[in-house]
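Report on one structure; see the data block that follows.
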Amino acid sequence: MSTQHESGLSLLQVSQERYQDNPYLLYHQLRELDPVYWDEQIQGWVLTRYKDVIKTLRDPHFSAVRFNFNVDWLPPMFQEVVQPTIYAITRQMLFLDPPDHTRIRSLTARAFTPRVVESMRNEIQQLVDRLLDQMQEKGQADLMADFAYPLPAIVIAQLLGVPPEDRERFILWAGDLSMLLESTNITEDDAIRALYGMREFTEYFRQLIAQRAQAPRDDLLQALINAHEGLDKLSEDELLSNCMLLLAAGHGTTTHLLSNGFVALARHPEQFAWLKAHPDQTSLAVMELLRYDGPVQATSRLATSDLEIGGKHIQAGQNVLISLGAASHDPEQFADPDVLHLDRKENHHMAFGQGIHFCLGAPLARLEAEIAFRALSQRLSTASLVDEQHVQWFSGMVFRGVSTLPITFN
Ligand code: HEM
């Protein structure tokens with residue numbers, strides 16, 4: 001392609017060790033080099049400027065139908081087994097355009113209302129307190145394993161009415177699904193395992209849905225089953241895809257908001273002290289933690305017609321990588337973008353996306369994080385990591401987080 005750069009820079013390099021701690025360095029380099037960058041290695045355009053990101057996510061000429069998990073390499077017997085799972089993933093609203101997207105999102109939103117989220121407040125507070133009590137007793141803890149990982153999983157499991165004894169399986173399925181969605185470096189064995197996990201998940205939820213027909217309950221799953229617009233309802237396949245999406249979209253993301261946010265606070269003791277002194281400002285602080293180091297760094301779209309972004313000609317069918325992390329650190333939009341200001345006002349970051357696919361779970365994620373960070377800042381005298389230098393990031397093009405986070409509970 002004539003627009004190829006000789007720099008050899010690629011968004012794929014974000015997985016390299018030198019950018020793991022700070023991918024924003026790479027995004028700044030890409031933006032300075034060319035804010036609408038043809039990435040030869042990805043074979044797609046990479047957008048790093050706030051204004052291009054927001055415009056593209058709002059533009060109906062870009063399609064979200066982009067999930068393309070090729071299973072041709074699997075033996076035919078496996079292909080048959082996993083095909084329904086692949087189909088279920090492609091029917092998630094995140095990978096659909098209007099009118100299908102509009103229909104499924106609006107039925108889901110009827111069940112997953114702000115009232116349902118708010119009704120979880122006390123339960124989330126109790127859960128946070130219980131998990132922190134257990135950590136405090138031990139003195140030292142892994143904030144990931146003991147807190148950030150179980151908290152959102154238990155919340156979604158509770159919302160969907162998954163019994164406590166099945167939560168462990170539920171958490172494993174969450175891992176399988178994120179692996180499939182971030183499928184750039186996945187091995188054959190992992191893919192097969194994850195696809196089988198998803199098959200178990202759909203079978204499990206098929207049973208749960210059938211049970212609800214006999215014995216209705218008051219939870220989100222029931223509300224999704226009952227949600228209707230006139231005669232229109234979610235089909236069983238759509239219900240399954242939706243449950244899978246709520247799990248996939250709501251678990252790892254919230255986990256990594258908690259962990260990335262904690263690392264940011266540990267590295268900025270003066271900001272932690274500010275939070276401690278201003279517990280009523282925690283909601284504002286969470287918005288800044290989302291901007292500063294969000295768990296979802298990028299999304300993608302396909303151009304459906306020839307069009308122009310920032311003077312570049314994008315051809316119909318070409319892939320566009322939208323860097324949400326870069327947009328949230330664009331100096332044209334944010335003063336001192338790489339500085340953590342917990343009291344930052346007018347913080348229109350891109351961590352939850354934009355446009356018709358704007359995160360449906362944003363109120364829940366914000367509520368969980370608000371309760372969690374308020375409790376952490378009130379209980380801990382400082383946010384201390386056991387080994388600040390060796391935080392193990394896993395930072396891919398799409399998701400960013402840490403795998404363990406040993407902390408001292410002081
Ligand atoms: C900090 C936590 C979270 C972050 C950073 C996050 C981020 C995002 C982003 C960036 C998108 C849009 C992707 C795109 O346009 O391609 C999205 C969509 C979505 N998120 Fe979240 N999310 C979080 C938590 C949650 C939670 C807790 C739930 C639900 C339990 C959830 C459910 C969804 C759903 C259903 C969509 C698809 C919306 C649509 O396609 O219309 N998310 N999320």
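Just follow the structure's listing: the first ligand is 1, and inside any ligand the first atom is 1.
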Any salt bridge linking Arg169 with Asp166? Criterion: basic side-chain nitrogen under 4.0 Å from a carboxylate oxygen.
yes
Atom 35 (C) of ligand 1 sits nearest the protein heavy atom Leu245 CD2, 3.6 Å
Derivation and outcome, side chain to side chain donor-acceptor pair (under 3.5 Å), residues Tyr24 and Gln29:
CA-CA 8 Å; Tyr24 306 98; Gln29 285 170 5; over 6 Å; no
At less than 4.0 angstrom from any non-hydrogen atom of Ile356, what atoms of ligand 1 do you find?
41 (O)
Counting from 1 in the order shown, the ligand 1 atoms closer than 4.0 Å to a non-hydrogen atom of Leu324 are 10 (C)
Can you list the atoms of ligand 1 that are under 4.0 Å from a heavy atom of Leu257?
1 (C)
Protein-derived N, O or S atoms lying less than 2.8 Å from atom 21 (Fe) of ligand 1, waters not counted, sum to 1
What protein heavy atom lies closest to atom 7 (C) of ligand 1? Include the residue and the distance to one decimal.
Ala351 O, 3.5 Å
Is a donor on one side and an acceptor on the other found under 3.5 Å between the side chain of Arg49 and the backbone of Pro35?
no
What protein heavy atom sits nearest atom 12 (C) of ligand 1, and how far off is it?
His357 O, 3.4 Å
Those residues that, when tested against Arg167, pass salt bridge (Lys or Arg N to Asp or Glu O under 4.0 Å) (two or more places apart)
none
Which of the atoms in ligand 1, numbered in the order shown and given with their element, are less than 4.0 Å from a heavy-atom of His101?
39 (C), 40 (O), 41 (O)
For Asp59 and His61, does a side-chain donor sit closer than 3.5 Å to a side-chain acceptor?
yes
Are Arg291 and Phe334 in a cation-pi contact, defined as NZ or CZ under 6.0 Å from the six-membered ring centre and within 45° of the axis?
yes
SB check Asp330 Lys51 (cutoff 4.0 Å)
no
Is the number of heavy atoms from other residues, nucleotides or ligands under 6.0 Å of Asp218 CG greater than 12?
no
Note: ligand 1 atoms sitting under 4.0 Å from heavy atoms of Arg66 are 16 (O)
Nearest non-hydrogen protein atom, atom 16 (O) of ligand 1
Thr299 OG1, 2.5 Å
Quick one: nearest non-hydrogen protein atom to atom 15 (O) of ligand 1, plus distance?
Arg301 NH2, 2.7 Å
Can you report which non-hydrogen protein atom sits closest to atom 38 (C) of ligand 1, along with the distance?
Arg105 NH1, 3.3 Å
Identify the closest protein heavy atom to atom 13 (C) of ligand 1: which residue and atom is it, and at what distance?
Leu94 CD1, 3.6 Å
Among non-hydrogen protein atoms, atom 30 (C) of ligand 1 lies closest to Leu246 O, 3.7 Å
Under the salt bridge (Lys or Arg N to Asp or Glu O under 4.0 Å) test, which residues partner Arg374, sequence neighbours left out?
Glu370
Would you call Arg206 and Glu203 a salt bridge, taking side-chain N to carboxylate O under 4.0 Å as the test?
no
Could you check whether Tyr149 and His251 have their ring centres less than 6.0 Å apart?
yes
Please identify each residue that fulfils salt bridge (Lys or Arg N to Asp or Glu O under 4.0 Å) with Glu168, with sequence neighbours left out.
none
